[in-house]
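It should be emphasised that the depicted structure is a prediction, and the values quoted were computed from it without experimental measurement.
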Amino acid sequence: MALPKQSEDFPAWYQAVVKGAELAEPSLVRGTMVIRPYGFAIWERIQQAVDRRIKETGHENLYFPLLIPSKLLEKEAEHVEGFAPEVAVVTQAGGEKLEEPIVIRPTSETIIWATYAKWIQSYRDLPLLYNQWANVVRWELRPRLFLRTTEFLWQEGHTAHETAEEAMAEARTILERVYRETVEDDMALPVRLGRKSASQRFPGAVETLAMEALMRDGRALQAGTSHYLGQNFAKAYDVKFLGRDGKEDYAWASSWGVSTRLVGGLIMAHGDDAGLRLPPALAPIQVVIVPIYRTDEEKAAVTESLTPAVAALKAAGVRVRTDDREEHRPGYKFNEWELKGVPIRLEIGPKDLAKGEIVLYRRDLRQKSPVPLEGLAEYIPGVLAGIQDELFAQALAFREGRTFRPSSYEELKALVKDPGGFIEALWCGRPSCEERVKADTKATIRALPLDPAPVQGLCIVCGEPATELAVWAQAY
RNA sequence: CGGGACGUAGCGCAGCUUGGCAGCGCGCCUGCUUUGGGAGCAGGAGGCCGGGAGUUCAAAUCUCCCCGUCCCGACCA
C-alpha cells in the first residue's frame, strides 16, 4: 500500500501513483491503456481548457477518419521516413486480404492535406483554421502509461495560409497563447518555449516549436509541439491556390498538438511521496469532506451541519464531495484522498462542531488548520486559488533551482547526471556537437530561443564560435 | 530490437537450490465490535503456479520452446 519514494525509485513511484490513484491501467494489447474515470475526468478538464482557447483564437473543430490509404502517407518523403517504423497497417478486412493496405493514422497531415487540396482554390479560401480531437496509433518500442502509449488521445490542429509569415505566426500563437496558457494557468506547470534543433524536428516540418516542462526527477517532458510546415505538405498533396496577384502558389501550413501525455506531466511535476497533487483548476474533486463521529447522535449532528455547508459550496461553484462511506475509518480516507491529489480536505467531527469550526487540510502544503464553519463557502474559493498559485510557484522554484549554466563541458556532463535539470549552454549549431552530448550524457537539446539573437562566446562542446544558447536535458 | 529482472489468489510476495497436500500479508464476503492518520475478533470465498512439450511413480519446483510484464538503452506527443 505504501508508495515507493520519489527519491528512491521515480519510475516505480510513477506507476504506483497512476494505478493507486485509479488514473489508468495497462490493457491487453501491449502499450495500450484503459483510462479510468478519475484519470479521464482530469483529461477532460485539460481538454476543455485547450479546446476553449483553440476556439477563442478563431479555430473550428472537425473530424477526419482513423484510416488512411497507405499510398497517401508515402507522398511526403521525410514524413513517411519519420513515421513508417511506427505505423500500424491494416492488411486484412471483411475476411479478405486488402488490395491496398490501410494505415491507422499516426497523425493526420496526409489525409487532411489530401482533402485540403479539394477545398482550396483561391486565396479567398484561406486561411483554413481547423482542429480535431482524435486518437492516433504509434507503435512505440517502449510504452509508459500516459507518457508514451501505443494509442493516445490528442488534438491536432492543421491550418493552411496564404503566406509563410502567416503560417509561422499561427504556429507561434498556438504555442504562446493556447498551449502555454493552458499548461501554466490550468496545469500550474511552468514551461520553457523554444525551437527544436533539426534532429528533433517533426518529420516534414520546416520548424518545430515546443514547450518543455521539468519533471521532479530532473528530466524534461515535451509537453506540446507546434510546427511550421512551410509548403512541404502543400507540394506533396498538390494544394495550390490562385493568389491576389493572379499567380498560382502552394499553401503554407502549420500543425500542432497536445496529448494525454499532459496527464503524465501533471503527475510527475506536482506529485509527492504521498501521491498526486492536483491543481484545483483541473481537480475532478476540489474539496472532499470527511465526517467523523462515534454515535448515531454525533453522526446526525455532523450530517446536519454539513448539509447547508455543502449546498453553499456547490452554489459557489466548488466541486465538493462528502466521503460518507461507512466501511472505512477516517485515517484510511485521509490517505486515499491524498493519494488521489484532492486539493482540500475538510474534517468535521464533534470537537469541531462544538467550536463551530472545521479542520481544513491543504494537500499542497500537507498542513491542517481550523477554520470557522460560518462563511466556509466564501472562504474556500480563495484557498483553492492559493493552492493553484502555490503549486505553480513550487514547480517554478524547482525549475529555477534545477536550471544550470555550466562553464565547461565536463561540468555539463556532471550536471546532467547529478542532479539533472535544464542545462543552458552555448552551441555552435553543428549536429556533431549535439550528437556528442547525446552519446556522452543522453541529454538532447530541448529548446533553442524562439527568436534567435546573436551570442558571444564559444560552443561548450567543441570550443568553436557559438551561434545560439541551447537548453539541454535528459528527456522522456 | 540489445542488456537486466520477473511471471504462483484481485494486489504484493514466499515456496523452486534438494520434485511429494499450493502457502503468507493485504484486499474481498458474512457477523459483531469500532470510527480525530491506513481498526479488532470470529467465520468464509477465491488458484490452468503465464502457455506448450519433455523427464519422472510424481513437476509450481528439473529440461527445452514459446508468450507476456517491468527496468535500462535506441525511437517518440
Which nucleotide, in any strand shown, forms a Watson-Crick or G-U wobble pair with [N], with both distances under 3.5 Å?
| N | result |
| --- | --- |
| rG25(B) | rC11(B) |
| rU63(B) | rA53(B) |
| rA58(B) | none |
| rU30(B) | rA42(B) |
| rC70(B) | rG4(B) |
| rG19(B) | none |

Item to complete: Go through the structure and list residues passing side chain to side chain donor-acceptor pair (under 3.5 Å) with Glu326(A), not counting sequence neighbours.
Response: Tyr293(A), Lys299(A)
Minimum-distance nucleotide (side-chain atoms of [X] versus [options]):
| X | options | answer |
| --- | --- | --- |
| Pro330(A) | rG73(B), rG37(B), rG36(B) | rG36(B) |
| Asn335(A) | rC71(B), rC76(B), rG37(B) | rG37(B) |
| Pro350(A) | rC71(B), rC76(B), rG36(B) | rG36(B) |
| Glu338(A) | rA74(B), rG37(B), rC75(B) | rG37(B) |
| Gln222(A) | rG37(B), rA77(B), rC76(B) | rA77(B) |
| Lys19(A) | rG36(B), rG12(B), rG37(B) | rG12(B) |

Atom [atom1] of [X] with >12 non-hydrogen neighbours under 6.0 angstrom:
| X | atom1 | value |
| --- | --- | --- |
| Glu435(A) | CD | no |
| Glu56(A) | CD | yes |
| Arg52(A) | CZ | yes |

Worksheet item: Which heavy atom in Lys442(A) sits nearest to a heavy atom in Gln474(A), and how many Å separate them?
Response: O-CG, 3.6 Å
Worksheet item: Which atom pair, heavy atoms only, marks the closest approach of Ala16(A) to Leu3(A)?
Response: CB-CD1, 3.7 Å
Worksheet item: With nearest nucleotides of RNA chain B determined for Val29(A) and Pro11(A) from heavy-atom distances, which residue corresponds to the more 5′ nucleotide?
Response: Val29(A)
Worksheet item: In terms of the nearest nucleotide of RNA chain B, which residue is placed more toward the 5' end: Glu347(A) or His227(A)?
Response: Glu347(A)
Worksheet item: On a plain distance test, is the side chain of Arg329(A) in donor-acceptor contact with the base of rG40(B) below 3.5 Å?
Response: no
Fill in: Donor-acceptor pair (no angle test) under 3.5 Å: Lys368(A) side chain, rG36(B) base
no
N/O (side chain, [X]) to phosphate O (OP1/OP2, [N]) under 4.0 Å:
| X | N | value |
| --- | --- | --- |
| Lys442(A) | rC75(B) | no |
| Gln155(A) | rA77(B) | no |
| Arg30(A) | rU69(B) | yes |
| Lys333(A) | rG38(B) | no |
| Arg294(A) | rU35(B) | yes |

Spacing of [X] atom [atom1] relative to [N] atom [atom2], expressed in whole Å:
| X | N | atom1 | atom2 | answer |
| --- | --- | --- | --- | --- |
| Arg148(A) | rG73(B) | CZ | C1' | 12 Å |
| Glu86(A) | rC76(B) | CD | P | 7 Å |
| Leu353(A) | rU35(B) | CG | P | 17 Å |
| Lys196(A) | rA77(B) | NZ | C1' | 11 Å |
| Tyr361(A) | rG37(B) | OH | P | 13 Å |

Practice prompt. Can you tell me, in whole Å, how much space there is between the C1' of rU8(B) and that of rG25(B)?
Written response: 15 Å
Discussion item. Quick check, does Tyr332(A) stack with rA39(B)? I mean ring centres under 5.5 Å and planes off by under 30°.
Written reply: no
